[in-house]
Amino acid sequence: MEFLDQLNTTQRAAVTATEGPSLIVAGAGSGKTRVLTYRIAYLLSQGVPAGNILALTFTNKAAREMKERIQKLVGNDARYLWMGTFHSICAKLLRHDAEKLGFTRDFTIYDTSDSKSVIKAICKERGLDEKIYKPTVVLGRISMAKNNLISPSRYGQNRDLLQADREARLYDITTVYALYEARLKAANAMDFDDLLINMLRLMDQHPDVREQLQLMFRYVLVDEYQDTNYVQYILVGRLAAPQDNICVVGDDAQSIYSFRGADIRNILNFRQQYPRAQLFKLERNYRSTRNIVNAANSLIHKNIHQIEKTVFSEKEEGQPLRLNAYMDDRSEANGVAEQIAKAHTRYGYDDIAILYRTNAQSRVFENELRKRNIPYRIYGGTSFYQRKEIKDALGYFRLAVNPRDNEALLRIVGFPGRGIGDTTMKKVSAHAIEHHLPYLEVMRLPEESGLDVAAATKKRLQAFALLMDQLAQLSEETDAYTFAEQTLRTTGVMTALAIDTTPEGIDRAQNVQELLNAIREFVAQRQEEGIDFTPITDFLSEVSLQTDQDENLSDTTERVTLMTVHAAKGLEFPVVFIGGMEENLFPSQFCTKPGEIEEERRLLYVAITRAMERCYLSYARQRFRNGQMAFNSPSRFLNDIDRQYLDLARPAYGLQEQRPSNGLTEHRPATPDRIQTYHPLVNQSVSGSAAVRQPIGRSVSAAVCQQSGLYSPGDRVTHRVFGDGTVVRVYRDEVTENDKIEINFDTQGTKTLLLTHAKLEKI
């Protein structure tokens, strides 16, 4: 067994201790997959038949990769291993005994889309409001119940669940759940959750089947055990009994999926469940430099609920984590893009990742990367402007300014639902094509055009056409932001998104809000350039150009990776940027309880430990959120990282001064002694009740003045939009590094313009 020589001492001990329960706590970058793979190979080399080994993973990809590695170590015996995801293994086992549960062996497995269709049909039959009983919301509640082994009858007796449903105006969930289960059974179908639940039901109701499976699976191994939910926890325990030759591998510090039902208590309490369990801690990190590992340690040690361990690295010390503070999110994205351009002299684009807490944050990063022609890919998602909810919103804008845009009409007519179905739209499109008319024209005058639909349907078509006519008028009278905000509100898009309170639904609503932020910034930027009125058509043109650039980058193989931190788990990059390190963003504003805050801290731990050589953190002091500018405090987690592992590139306002601990040398950053607050117009250092205020901008250089016409305070100037005015000051904005001129216009008040775009004339 020469392969054992490739392991360190702790890894070897974890691989060879095969009898009885084992908990392998694998720190970030510690070779978890190698240990699990080698343990299975070791069992095979000791004569254990492959058919007696069950290895459960969370992705098919992980199972395939492990099986391939095992085959390289021990040969073709690995082909007979029971290795796969929880769902795939259960589906395979259920095929043998489905009749015992009232199913046939060829039962259908419903995916999420199938399940939503069944739920939608049930709700429609019961006359339930589709805006409240959205299939995603209802399915999420049913799935939550199933993952906690709560049947429809028990659901109807649970006061907490019923109260939560009442608060969400979902009074009929219990009935929908019961009907949904009946429909599945009648269709000889199971959904994903049923595969696990029915496996448990089979073993509980048929002891002979349970005993047969327990004899067959003499060794049970589970990967990523910190991500298991309650059903998986029970299922693993059943299969491993009574020998209890169970080995679970995971890292409590990387438990970040509670929103999917994962329960960190499964790994934290493993040794209470199995008192004779052996504990192995894989603490050597083979991925990252010492500074990155130590910074991550100092952060995660602030959590109360954890298995104590100290991950270490024997790689080079490396650079400390770089922390950058920016004026706003656009400046943050510009700064990150600039640093990526510099890093590209040493690293390939594939070596670089930008991580963020929410999908909506990708938009500003995408914009700045495009400006610099830096290729990128969205991992685990789609480009911001290609996301469905964004394309839906843009579809309304497009149709308002171009009533002949049939593709936009087909996209939006069904969202939000307004009783115009596919059958009706097929008739509209066929009639329009036959008579060479735009779809909207047919909908506007269904009677005159001879459209063959019911009278009620004609009214709904006319109502939609009238709505679009009103939006067309609005687009001519208001600027882009006002038009977009009123359109999304008038059409019911914002209301429809707000009703969906699932993590995915919240994400979609945040993305649409981020679109409004983008439009508002676009209008503001044009105003700075002296353009007083910006129609929505200008923004649509800008977006279409950005989309074209996306397509032009599609054949570039080497790209910067953009993704949420959740999507980054299991990956690694030489250079990692973590943006949006602000309170109410990271940690999320939806996390208020101590346990939720601890998970957010674990999420940042995961983000930092993706970095191999360089890690950059950043936050913006102000950011458009929920339609308005929000002034942000730095994330509390930044204060959890020991200062000796941080390089504060700019004054980090809001960070607390740290005192030396654990015998470490004190490192005083170049920050004030007290916590400082930030205001967009001044840097304010508060001492008692007195405040010293200084403007951010400094006077612009004489050279710049000379190039710009030698404007001085008191000069009279004229502007083609704002008219005549008096120069107040000319200065350099030190945050954005733009030269600006402040002018008090006679009729328009005081405005600040970009000096290079102001197009002024002296009077």
Side-chain angles (χ1 to χ4, degrees), residues 27-30 251 253-254 281 283-304 306 308-326 332 335-336 339 342-343 346 355 565 572-583 586-587 597-598 600-619 633-676 685:
S30 63
D251 182 8
Q254 298 186 65
K281 297 181 183 179
E283 296 175 299
R284 180 179 176 183
N285 180 298
Y286 290 89
R287 174 187 300 154
S288 308
T289 62
R290 295 203 300 274
N291 269 323
I292 291 173
V293 170
N294 292 337
N297 282 343
S298 69
L299 168 75
I300 201 62
H301 284 168
K302 304 300 188 299
N303 271 6
I304 297 173
Q306 61 177 298
E308 291 187 10
K309 60 182 176 298
T310 301
V311 180
F312 66 94
S313 171
E314 294 185 358
K315 298 185 73 173
E316 66 274 14
E317 182 179 18
Q319 298 294 319
L321 278 63
R322 182 76 173 259
L323 175 60
N324 290 295
Y326 294 96
E332 178 188 39
V336 169
Q339 289 170 313
K342 293 178 181 177
R346 178 179 175 187
L355 309 183
V565 182
E572 60 183 32
F573 301 88
V575 182
V576 169
F577 293 86
I578 306 170
M581 290 303 306
E582 301 138 33
E583 280 295 302
F586 205 162
I597 292 297
E598 289 212 348
E600 289 286 297
R601 189 178 283 111
R602 293 194 294 269
L603 191 60
L604 179 56
Y605 175 83
V606 168
I608 292 173
T609 54
R610 299 312 93 197
M612 300 167 68
E613 298 178 19
R614 296 302 308 268
C615 183
Y616 297 82
L617 305 169
S618 60
Y619 66 90
S633 300
S635 169
R636 70 188 73 181
F637 297 150
L638 296 175
N639 285 318
D640 291 339
I641 301 173
D642 196 308
R643 284 295 186 279
Q644 65 177 315
Y645 308 122
L646 277 179
D647 172 12
L648 304 181
R650 299 187 185 188
Y653 299 102
L655 293 189
Q656 300 170 355
E657 180 178 325
Q658 294 182 335
R659 301 301 180 188
S661 60
N662 300 325
L664 298 176
T665 302
E666 182 175 8
H667 176 78
R668 290 179 178 269
T671 54
D673 290 337
R674 300 190 180 190
I675 297 176
Q676 289 200 337
S685 178

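For this chain, numbers begin at 1 and follow the sequence in order.
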Participant: So, the side chain of Asp647 versus the backbone of Pro320: is there a donor-acceptor pair under 3.5 Å, distance only?
Facilitator: no
Participant: Could you tell me how the ring of Phe586 sits relative to the ring of Phe637: parallel (under 30°), tilted (30 to 60°) or perpendicular (over 60°)?
Facilitator: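 Perpendicular.
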Participant: Could you tell me whether a side-chain N or O of Lys281 sits under 3.5 Å from a main-chain N or O of Glu308, the two making a donor and an acceptor?
Facilitator: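 Here the side-chain-to-backbone pair exists.
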Participant: Identify, with sequence neighbours excluded, every residue that meets salt bridge (charged side-chain N to carboxylate O under 4.0 Å, His left out) alongside Glu600.
Facilitator: Arg357
Participant: Taking C-beta and beyond as the side chain, do Gln339 and Asn324 meet within less than 4.5 Å on heavy atoms?
Facilitator: yes
Participant: Could you check whether any side-chain heavy atom of Arg284 comes within less than 4.5 Å of a side-chain heavy atom of Ser30, counting everything from C-beta outward?
Facilitator: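 Not touching, per the 4.5 Å side-chain cut-off.
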Participant: Which distance, rounded to the nearest 0.5 Å, do you find between the OG of Ser635 and the CD of Glu583?
Facilitator: 5.5 Å
Participant: Which is it for Arg614 and Thr289 under the side chain to side chain contact (heavy atoms under 4.5 Å, CB included) test, yes or no, and what are the steps along the way?
Facilitator: CA-CA 8 Å; Arg614 296 302 308 268; Thr289 62; over 6 Å; no
Participant: Run the side-chain contact (heavy atoms from CB on, under 4.5 Å) test against Asn294 and tell me which residues pass, sequence neighbours left out.
Facilitator: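 Arg290, Asn297, Tyr645.
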Participant: Compare all side-chain heavy atoms of Ile641 with those of Leu617 and state whether any distance is below 4.5 angstrom.
Facilitator: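 The answer is yes; the side chains approach within 4.5 Å.
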Participant: Determine the minimum heavy-atom distance between Gln306 and Ile300, stating which atoms define it.
Facilitator: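 Result for this residue pair: NE2-O, 3.1 Å.
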Participant: Please report the shortest heavy-atom distance between Leu638 and Leu646, naming the atom on each side.
Facilitator: O-CD1, 4.2 Å
Participant: Taking only residues two or more places apart in sequence or in another chain, which ones pass ring-ring contact (aromatic ring centres under 6.0 Å, His included) with Phe573?
Facilitator: none
Participant: Do you know the tightest heavy-atom contact between Lys302 and Ser298?
Facilitator: NZ-O, 2.6 Å
Participant: Are any of the side-chain heavy atoms of Ile597 and Arg636 separated by less than 4.5 Å?
Facilitator: yes
Participant: Donor-acceptor check, side chain of Glu283 to backbone of Lys309, threshold 3.5 angstrom: yes or no?
Facilitator: no
Participant: Write down the atom of Val576, the atom of Ala607, and the distance for their closest heavy-atom approach.
Facilitator: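 That would be CG1-O, 4.1 Å.
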Participant: Would you say the side chains of Ser618 and Glu332 form a donor-acceptor pair under 3.5 Å?
Facilitator: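 Short answer, yes.
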Participant: List the atom of Arg287, the atom of Asn285, and the distance in Å for their closest heavy-atom pair.
Facilitator: N-OD1, 2.7 Å
Participant: From Tyr605 OH over to Glu598 CD, what is the distance, rounded to the nearest 0.5 angstrom?
Facilitator: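 Nearest 0.5 Å value for the OH-CD distance: 14.5 Å.
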Participant: What's the shortest heavy-atom distance between Ile578 and Cys615, and which atoms?
Facilitator: CD1-SG, 3.9 Å
Participant: Side-chain contact, heavy-atom cut-off 4.5 Å: Ile292 with Thr609?
Facilitator: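 The answer is no, as the side chains (C-beta and beyond) never meet within the 4.5 Å cut-off.
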Participant: Taking Asn291 for the side chain and Gly318 for the main chain, is one N or O donor matched with an acceptor at less than 3.5 Å?
Facilitator: yes
Participant: Do Lys315 and Val293 touch side chain to side chain, with heavy atoms closer than 4.5 Å?
Facilitator: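 Of all side-chain heavy-atom pairs linking Val293 with Lys315, none is under 4.5 Å.
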Participant: To the closest 0.5 Å, what do you measure between CG (Asn639) and CG (Leu299)?
Facilitator: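 Separation between the atoms: 11.0 Å.
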Participant: Please confirm whether the backbone N or O of Ser288 pairs with a side-chain atom of Ser313, one donor and one acceptor, at under 3.5 Å?
Facilitator: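 Pair found, side chain donor or acceptor close to backbone of Ser288.
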